[in-house]
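One structure is given here, and the rest of the page talks about it.
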Amino acid sequence: MRTVRTFAEARALGSGCVGLVPTMGYLHEGHISLVDAARRESDTVTVSLFVNPLQFGPTEDLGSYPRNFERDAEMVAAAGADILFAPQLAEMYPRDPLTTVTVAHVTEGMEGGIRPGHFDGVATVVTKLFAGLAPDRSYFGRKDAQQLVTVRRMSADLSFPTVIVGAPIVRESDGLALSSRNTYLDAAERIAAGSINRGIAAVADAVLAGERSGRQLERIAAAPVNEEPGIELDYATLANQDTASSLTDLDRPAFLAIAARVGRTRLLDNVHIDRTDAGWVPDVGIRLEGPSILYREA
Ligand code: AMP
C-alpha cells in the first residue's frame, strides 16, 4: 500500500476500475466493510482519510475527534487497500474556498435541521474527492443515511461518472452501531446508548409484522430511548430513501433514523427498509461476534 498526500499522486497511482472509500479515520469494522466491498469490485482501492473541518459546527468535536494515523494506516493496509490518500489541510483547502456545494431539500430535515452547514461541508469535500480522484465506484455506509441521500443527489446533479454504493451498517456485538464517536462513551453512557438499537430492532420486527404507519413506526423506535435514563432523543423519523423527506406511510423505500444524545456524544442509527419480491425487508446490518477493533490501539 502507498500512502500519499496529494490528489495528483493518488490519481497517478490508480489504474483500471478505481474504488474510493472516503473516511475521517479512527477506523472500525464499518469502514473495513466498505474497503472489503471496494476490494471485491475494483482494481485499485483508494481509502481517503481526512477529518474535514468544513462539516463540523463551531461547537462540535473537531478538536477532540479521535485521530491515530499509524493505527489507521495499519488497518487500511491489512484490509488490502492500494492507496491511502491522507491530505493535509493545505492540500484539501489551499485557500478559503469561495466555492462550496449545497444540496437543497434533502439536507433540510433531521441532521440538517440540527447541524446547520454540516451537509454543505460533506457535499463540498466529497465533490472535491470525486473531482480530484475520479473514482469509478464510491463506497458509503448506510449508517449515515441522510449523508448517503445527499451524496447520491450531489453526484447525479453534478454528473460525476461514479457509481455510488451504499453498504449495510456494522454493529458492535450488543447491537450498537459502530462509530468512531463510540470511543467517547463511558460505561454508564454505553448502557444508555443500547436503547437506540432496541428501538431499531423493534422497528424491524414491526415492519415484518405488517406495520406501515410512519407515526406508529416512529413511536416504536422512540419508546426504548425515551424510557432510558441518561439519553435524550433528538428525533425518530421515517424518511424516503430518495429524498430524505418524512413519510406518512411505508409505501416506498425508506429508512427509520434515530438520533440521540448521551452526555456530549451524539449517536445516529437507522434501519433501511427495502422493497423486495418478498415484500418490505428491514436491513438492520451486520453484528460483530466479539469486541471491535475500534478499541484497539496501534
Ligand atoms: P466517517 O469516518 O464516520 O466519516 O465514515 C466514513 C464512511 O464509513 C461513511 O460512508 C460512513 O457512513 C461509513 N460508516 C461509518 N460507520 C459505519 C458503520 N457502523 N457501518 C457501515 N458504515 C459505516
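Every heavy atom of this structure was used, including side-chain atoms; hydrogens, water molecules and symmetry mates were not. Order of listing sets the numbers, starting from 1, for every ligand and every atom in it.
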Phe140 pairs by side-chain contact (heavy atoms from CB on, under 4.5 Å) with which of Leu148, Leu20, Thr150, Val165?
Leu148
Run the ring-centre check on Tyr65 versus Tyr26 and record whether the distance is less than 6.0 Å.
no
Salt bridge check, Asp82 against Arg39: does any charged N sit closer than 4.0 Å to a carboxylate O?
yes
Looking only at protein heavy atoms, which one is nearest to atom 10 (O) of ligand 1, and what is the separation?
Gly141 N, 2.9 Å
Hey, is Arg115 close enough to Glu60 for a salt bridge, meaning N to O under 4.0 Å?
yes
Looking only at heavy atoms, the pair that brings His31 and Ser180 closest together is CE1-OG, 3.8 Å
Which ligand 1 atoms are under 4.0 Å away from a heavy-atom of Phe140?
10 (O)
Got a salt bridge between Arg252 and Asp242, using NZ or NE/NH1/NH2 to carboxylate O under 4.0 Å?
no
Taking heavy atoms and a distance under 4.0 Å, where does Leu34 meet ligand 1: side chain, backbone, both or neither?
side chain
Going by the order shown, which atoms of ligand 1 are within less than 4.0 Å of some heavy atom of Pro168?
20 (N), 21 (C)
Aromatic ring pairing Phe85/Phe7, orientation class (parallel under 30°, perpendicular over 60°, tilted between):
tilted
State the atoms of ligand 1, each with its element, that fall below the 4.0 Å cut-off from a heavy-atom position in Thr23.
2 (O), 6 (C)
Numbering the atoms of ligand 1 from 1, which are under 4.0 Å from a heavy atom of Pro22?
6 (C), 7 (C)
Would Ile169 count as a polar contact of ligand 1, with the cut-off being nitrogen or oxygen pairs under 3.5 Å?
no
Any salt bridge between Arg261 and Asp234, counting N to O under 4.0 Å?
yes
Between the candidates Lys143, Gln147, Glu29, which shows the shortest non-hydrogen contact distance to atom 9 (C) of ligand 1?
Gln147
Quick check: does Asp144 get an N/O under 3.5 Å from an N/O on ligand 1?
yes
If I apply the N/O under 3.5 Å rule, does Met24 come out as touching ligand 1?
yes
Counting both backbone and side chain atoms, is some N or O of His31 under 3.5 Å from an N or O of ligand 1?
yes
Counting each atom of ligand 1 from 1 as listed, which ones have a heavy atom of Leu178 under 4.0 Å away?
16 (N), 17 (C), 18 (C), 19 (N)
Flag the pair Arg198 and Glu227 as a salt bridge only when some basic side-chain nitrogen lies within less than 4.0 angstrom of an acidic carboxylate oxygen.
no
Say whether Val170, considering both its backbone and side-chain N or O atoms, lies within less than 3.5 Å of an N or O atom on ligand 1.
yes
Measure the distances from the heavy atoms of His28 to every atom of ligand 1 and state whether one is below 4.0 angstrom.
yes
